[in-house]
Amino acid sequence: MWQVGWKILLDNPIVGIGDIDIAQVWPLYAPPDWEPAGHLHNNIMTVLVTIGVLGFVVLAALFIKIWMEISRIEKLLHEHWFYGSLALAALAILAGFHMNGLFEWNFGDAEIIMVVWALVGMVLGAEKVAKQERLPS
């Protein structure tokens, strides 16, 4: 799958083939006896093929920024039992998401990515709530 993905990427390096089912272009690149695949069982390769190097750089920057923000929030709130634990859990889930993404297209699984986005939002919200709790009333 990665070899086929590499061939597709070399033909469409900047913006990829678009956010479409890879099975649409699969027959042009894969050996005839391979069943068409809609994704490449790897987040990096699938993102590179669908949205190209440009899209990959933007998406990587987004995840780096998310990691940096949650790390900052974890350092800020690490003494609070709930908010600190929530931020630490978010970092662990992000790490697990990206590790698993090396072997599966988990970015395309709604159940998985929804948990990632929800937890990111919860941590960002926890920082706001923690700041409000410290304000004098």
Side-chain angles (χ1 to χ4, degrees):
M1 290 185 133
W2 292 5
Q3 291 172 345
V4 172
W6 186 250
K7 291 176 188 177
I8 298 169
L9 177 62
L10 290 176
D11 281 351
N12 308 277
I14 306 300
V15 294
I17 61 171
D19 193 15
I20 63 169
D21 186 3
I22 294 173
Q24 292 181 20
V25 297
W26 185 267
L28 303 173
Y29 296 94
D33 57 333
W34 281 21
E35 287 289 320
H39 59 271
L40 300 171
H41 290 280
N42 176 282
N43 284 348
I44 295 169
M45 184 58 75
T46 303
V47 166
L48 282 167
V49 166
T50 56
I51 59 176
V53 172
L54 185 63
F56 175 80
V57 168
V58 171
L59 192 60
L62 172 70
F63 277 112
I64 290 168
K65 178 65 173 168
I66 289 170
W67 183 271
M68 290 169 48
E69 281 298 306
I70 293 177
S71 294
R72 180 188 61 76
I73 293 168
E74 193 280 327
K75 287 177 186 165
L76 180 71
L77 302 177
H78 75 275
E79 291 185 19
H80 190 284
W81 73 271
F82 180 72
Y83 301 141
S85 298
L86 186 65
L88 191 59
L91 290 173
I93 286 174
L94 278 171
F97 169 78
H98 289 297
M99 288 301 294
N100 180 253
L102 295 174
F103 307 100
E104 183 54 63
W105 171 234
N106 61 6
F107 196 79
D109 288 335
E111 307 86 6
I112 294 172
I113 198 63
M114 195 178 336
V115 170
V116 171
W117 295 138
L119 200 53
V120 168
M122 287 170 46
V123 173
L124 296 173
E127 179 187 29
K128 301 279 186 204
V129 171
K131 284 181 181 178
Q132 288 176 350
E133 287 178 356
R134 293 187 179 137
L135 292 175
S137 47

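Quick note: numbers below take in every heavy atom, side chains included, and nothing from hydrogens, waters or symmetry partners.
- Here I17 contributes atom CD1 and I51 contributes atom CD1; the two are 11.0 Å apart, rounded to the nearest 0.5 Å.
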### Task
Please step through ring pair (Phe, Tyr, Trp, His ring centres under 6.0 Å) for the pair W2 and F103, ending with a clear verdict.
CA-CA 11 Å; W2 292 5; F103 307 100; 7.7 Å; no
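- When all heavy atoms of I112 and F97 are compared, the closest pair comes out as CG2-CD1, 3.9 Å.
- The minimum heavy-atom distance between A95 and W67, with the atom names listed, is N-CZ3, 4.0 Å.
- L124 places none of its side-chain heavy atoms less than 4.5 Å from the side chain of I70.
- The minimum heavy-atom distance between L91 and S71, with the atom names listed, is CD2-OG, 3.7 Å.
- Under the 4.5 Å side-chain contact rule for hydrophobic residues, L119 and L62 share a cluster.
- Taking CG of L48 as the start and CG of N12 as the end, the distance is 11.5 Å to the nearest 0.5 Å.
- Cluster membership check: M68 does not share its hydrophobic cluster with V57, using side-chain heavy-atom separations under 4.5 Å among Ile, Leu, Val, Met, Phe, Trp and Tyr.
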Donor-acceptor contacts, no H, no angles, side chain residues 33-41, under 3.5 Å, sequence neighbours left out:
unit_1: H41; atom_1: ND1; unit_2: E104; atom_2: OE1; d: 3.2
unit_1: H41; atom_1: ND1; unit_2: E104; atom_2: OE2; d: 3.3

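- L28 and M45 fall within a single hydrophobic cluster, where Ile, Leu, Val, Met, Phe, Trp and Tyr are joined by side-chain heavy atoms under 4.5 Å apart, directly or via other members.
- Atom CG of N106 and atom CG of N43 lie 4.5 Å apart (nearest 0.5 Å).
- A 4.5 Å side-chain heavy-atom check between I14 and V53 finds every atom pair outside the cut-off.
- Between A87 and V123 the shortest heavy-atom distance is CA-CG2, 3.8 Å.
- Taking the six-membered ring for Trp and thresholds of 30 and 60 degrees, Y83 and H80 have nearly parallel ring planes, at less than 30 degrees apart.
- L102 is listed as a side-chain neighbour of I44, based on a closest heavy-atom distance under 4.5 Å.
- Distance check, rounded to the nearest 0.5 Å: CG of L9 to OG1 of T46 gives 11.5 Å.
- Here the closest non-hydrogen pair linking E127 and I73 is OE1-CD1, 3.6 Å.
- One hydrophobic cluster, built from ILVMFWY side chains closer than 4.5 Å, cannot hold both V115 and M99; they sit in different ones.
- Under the 4.5 Å side-chain criterion, counting only non-hydrogen atoms from C-beta, W105 is in contact with V47.
- Atom CG of L88 is separated from atom NE2 of H78 by 11.0 Å, given to the nearest 0.5 angstrom.
- Ring geometry for W117 versus F63: interplanar angle under 30°, hence parallel rather than tilted (30 to 60°).
- Note that NZ of K65 is 4.0 Å distant from CD of E69, once rounded to the nearest 0.5 Å.
- Contact annotation: the side chain of V116 approaches that of L94 to within less than 4.5 Å [non-hydrogen atoms, C-beta and beyond].
- Grouping the Ile, Leu, Val, Met, Phe, Trp and Tyr side chains by contacts below 4.5 angstrom, directly or via other members, places L10 with F56.
- Within 6.0 Å of the CH2 atom in W6, the count of heavy atoms belonging to other residues, nucleotides or ligands does not exceed 12.
- The nearest pair of heavy atoms linking P27 to A23 is CD-O, 3.3 Å.
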